[in-house]
Amino acid sequence: MKTPTIVTTVVLLLLISLAKGQNPKCDSDPKEHGSTLKVFHVFSPCSPFRPSRAMSWEESVVQLEARDQGRMQYLSSLVARRSIVPIASGRQITQSPTYIVKAKIGTPPQTLLLAMDTSNDAAWLPCTACVGCSSSTPFAPAKSTTFRAVRCSAPQCKQVPNPTCGGSACAFNFTYGTSSVAANLVQDTVTLATDPLPAYTFGCIQKATGSSVPPQGLLGLGRGPLSLLAQTQNLYQSTFSYCLPSFKTLNFSGSLRLGPVAQPKRIKFTPLLKNPRRSSLYYVNMVAIRVGRRIVDIPSEALAFNPTTGAGTIFDSGTVFTRLVEPAYIAVRNEFRRRVAAGKKLTVTRLGGFDTCYNVPIVAPTITFMFSGMNVTLPPDNILIHSTIGGVTCLAMAAAPDNVNSVLNVIANMQQQNHRVLYDLPNSRIGVAREFCT
Ligand SMILES: *[C@@H]1O[C@H](CO)[C@@H](O)[C@H](O)[C@H]1NC(C)=O
Ligand SMILES: *[C@@H]1O[C@H](CO)[C@@H](O)[C@H](O)[C@H]1NC(C)=O
Ligand SMILES: *[C@@H]1O[C@H](CO)[C@@H](O)[C@H](O)[C@H]1NC(C)=O
């Protein structure tokens with residue numbers, strides 16, 4: 001582990017402006033063999049969804065944090081099982097997940113870049129003639145010889161929200177973030193890395209409103225019905241892992257490894273908790289948080305798992321910065337500030353939603369998330385965002401927004417970067433190990 005004195009840098013401004021040229025490495029796929037897919041950050045040079053103009057570091061960070069507000073609102077709606085009342089605000093909040101993988105759909109294959117979402121079950125993607133989709137290259141069912149509609153009477157039609165019958169074909173509506181989506185339920189061959197998955201069931205989007213829908217669709221890695229895990233039980237045995245590359249190294253790709261083969265052996269595990277009422281979400285039992293060597297004082301109800309209210313802690317691939325319910329966040333933040341100041345007087349500043357920022361170099365303590373059976377100690381790279389240009393360093397976590405009545409602690413992707421996170425459903429556990437994603 002690196003010493004806390006090495007405060008490393010996230011210079012999105014530089015990376016985004018460097019990212020403009022096309023990268024020939026994006027199309028050759030040395031890592032896409034067997035059941036392992038490359039994972040790209042949406043801001044990666046290999047992502048067509050990277051920002052079209054250079055943003056300042058502050059602007060990028062504030063934008064990612066603002067997207068998280070939408071993401072938290074969405075997760076809270078899943079937990080509360082009601083649809084979202086959009087936050088009253090002039091601007092549209094998008095919450096598209098941060099990491100994308102390449103999938104080939106149909107015969108002959110059409111390539112789409114799907115957003116990975118561990119808190120969603122079904123996959124869905126924009127189809128030809130979709131009204132309100134932003135993709136200029138939607139999936140064209142008419143060009144695929146293996147495409148077919150799912151009939152109303154099919155069992156899959158009972159697993160989607162609000163199913164309706166258009167003719168005899170199954171259609172459904174759902175909300176995602178602040179978007180409303182109308183889709184047909186369809187099947188086609190989906191190829192992930194080199195594994196063809198025949199008759200994969202997914203939503204073919206006909207109409208979308210709002211700006212939350214990922215431009216080329218979404219791959220649901222949740223644990224509920226119609227998710228990738230549910231549809232590939234024989235092949236992948238409900239097991240996958242990923243390594244998410246850091247924002248600092250946008251030219252690196254991570255990996256999504258499907259199935260029990262080649263998963264790490266040396267890894268610490270914590271049990272998954274089952275919440276029958278929120279079947280998609282990966283709940284774990286976080287029992288305490290340590291800042292440096294001190295376990296901070298958090299009221300037990302702030303961390304407790306409650307299947308009825310949905311309270312507790314989840315791992316999520318789509319939220320960027322870890323959110324803790326307010327009493328937990330305040331306790332962590334106060335101890336963090338105390339350790340950073342180390343008896344001196346240091347001015348704490350704000351940046352967007354981050355309330356613990358410094359305009360001078362700091363020595364930060366480690367933060368340890370303590371789960372049942374597993375302590376995960378995060379090095380500074382997973383805790384701090386730092387601009388070399390402005391010289392601003394912030395604690396990269398925040399309190400759950402108070403306007404969504406959130407009861408969830410979300411272990412988000414910035415805190416998972418450069419770790420292998422293994423979802424092992426047959427043994428009902430999640431594993432975490434340090435790994436440098438390249
Ligand atoms: C789904 O959305 C479509 C298009 O907006 C609408 O025509 C249809 O009535 C909706 N169906 C349900 C079940 O809400
Ligand atoms: C990514 O960029 C860094 C610095 O720009 C360079 O050192 C590194 O070799 C690059 N890595 C890859 C995989 O291209
Ligand atoms: C986690 O760390 C605490 C000390 O802070 C220790 O008591 C506990 O045994 C550790 N748990 C595991 C599973 O290593």
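One-based numbering, in listed order, for ligands and for the atoms of each.
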>> If the criterion is any heavy atom closer than 4.0 Å to an atom of ligand 3, which residues make the list?
In response: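 Protein residues near ligand 3 are Arg290, Met370, Gly373, Met374, Asn375.
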> According to the interplanar angle, ranging from 0 to 90°, do the rings of Trp124 and Phe174 count as parallel (below 30°), tilted (30 to 60°) or perpendicular (above 60°)?
Replying inline: tilted
> Parallel, tilted or perpendicular for Tyr282 and Phe240, by the 30°/60° rule?
Replying inline: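 Ring orientation of Tyr282 relative to Phe240: perpendicular.
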>> Before you tell me yes or no, could you show the steps for Ser227 and Asp121 under side-chain hydrogen bond (donor to acceptor under 3.5 Å, both in side chains), namely the whole-Å CA-CA distance, both residues' side-chain angles and the distance that decides it to 0.1 Å?
In response: CA-CA 4 Å; Ser227 77; Asp121 293 330; 4.8 Å; no
> Under the 3.5 angstrom rule, does the side chain of Asn427 hit a backbone N or O of Arg429 as a donor-acceptor pair?
Replying inline: no
> Which pairs, with at least one residue in residues 353-370 and sequence neighbours excluded, count as a salt bridge (Lys or Arg N to Asp or Glu O under 4.0 Å)?
Replying inline: Arg333-Asp355, Arg337-Asp355
>> Consider ring-ring contact (aromatic ring centres under 6.0 Å, His included). Of Phe40, Tyr99, Tyr423, Phe315, which one does Tyr242 pass it with?
In response: Tyr423
